[in-house]
Peer 1: 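Just dropping this structure here.
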Amino acid sequence: LRCNPSALVPTLIPLTHENGESVAMESKAVYESLIAVEFIDSISEAPTQQRLVSADPFEAARSRIWADRLNRECCSPYYGVLVCKEEEQRMEHFHKLLTGLKAFSMELSKTAGSMLLANDQLS
């Protein structure tokens with residue numbers, strides 16, 4: 001909670017080096033999945049094909065849309081499967097998870113390469 005008010009992962013905490021020791025810069029913590037991905041891209045200086053988010057505006061928007069959909073339609077239902085104690089609730093979340101995975105699978109089948117984005121872009 002000190003670095004991320006949501007108390008969720010990921011939380012990226014930059015380090016600085018003082019007197020030969022690494023010191024956490026907790027006031028500069030970066031959190032929330034999509035924001036963390038963009039932060040990593042901005043500091044990594046990775047070549048275009050290795051970036052986490054495409055430099056192409058259309059492909060970047062497409063990856064953000066699918067990241068959001070996967071979070072809502074796959075990650076959240078999966079969490080429900082794991083934590084719900086009643087079988088009926090677990091099955092409801094399980095069916096939502098399957099629906100989300102099928103939708104993503106259909107989207108992947110539309111791509112020419114092995115990746116979601118054009119030209120075998122990582123993401």
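The chain is numbered in sequence order, starting from 1.
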Peer 1: Determine the minimum heavy-atom distance between Pro77 and Leu97, stating which atoms define it.
Peer 2: CB-N, 3.6 Å
Peer 1: Once you round to the nearest 0.5 Å, how far does CZ of Arg51 lie from CD of Glu38?
Peer 2: 9.5 Å
Peer 1: Report yes if the side chains of Ile40 and Leu12 come closer than 4.5 Å at any heavy-atom pair, otherwise no.
Peer 2: yes
Peer 1: Show the nearest heavy-atom pair for residues Cys3 and Ala29, with the distance to one decimal.
Peer 2: O-CB, 3.5 Å
Peer 1: Would Phe104 and Leu108 count as a side-chain contact (heavy atoms from CB on, under 4.5 Å) here? Give the steps.
Peer 2: CA-CA 6 Å; Phe104 187 60; Leu108 284 175; 3.6 Å; yes
Peer 1: Does anything in residues 72-95 pair up under side chain to side chain donor-acceptor pair (under 3.5 Å), and if so which pairs, sequence neighbours excluded?
Peer 2: Asp68-Arg72, Arg69-Glu73
Peer 1: Is the backbone N or O of Val53 less than 3.5 Å from a side-chain atom of Asp41, with the two atoms forming a donor-acceptor pair by type?
Peer 2: yes
Peer 1: Got a sec, which residues hit side chain to side chain donor-acceptor pair (under 3.5 Å) with Ser22, two or more places apart in sequence or on another chain?
Peer 2: His17
Peer 1: Tell me whether Asp56 contacts the main-chain N or O of Phe58 through its side chain, where contact means a donor paired with an acceptor under 3.5 Å.
Peer 2: yes
Peer 1: Only counting residues at least two apart or in another chain, list the ones meeting side chain to side chain contact (heavy atoms under 4.5 Å, CB included) with Thr16.
Peer 2: Glu18, Val23, Met25
Peer 1: What's the separation between atom CZ in Phe94 and atom OG1 in Thr99, rounded to the nearest 0.5 Å?
Peer 2: 10.0 Å
Peer 1: Are Ile43 and Val30 connected, step by step, through hydrophobic side chains (Ile, Leu, Val, Met, Phe, Trp, Tyr) whose heavy atoms are closer than 4.5 Å?
Peer 2: yes
Peer 1: Within a strict 4.5 Å, meaning less than it, do heavy atoms of the Tyr31 and Ile35 side chains meet?
Peer 2: no
Peer 1: Rounded to the nearest 0.5 Å, what separates atom CZ in Arg2 from atom OG1 in Thr11?
Peer 2: 11.0 Å
Peer 1: Strictly distance-based, threshold 3.5 Å: is any side-chain N or O of Ser105 a donor or acceptor partner for the main-chain N or O of Lys102?
Peer 2: no
Peer 1: Heavy-atom distance under 4.5 Å between the side chains of Arg62 and Ser54, does that happen here?
Peer 2: no
Peer 1: Drop me the distance from Ile65's CD1 to Leu70's CG, to the nearest 0.5 angstrom.
Peer 2: 12.0 Å
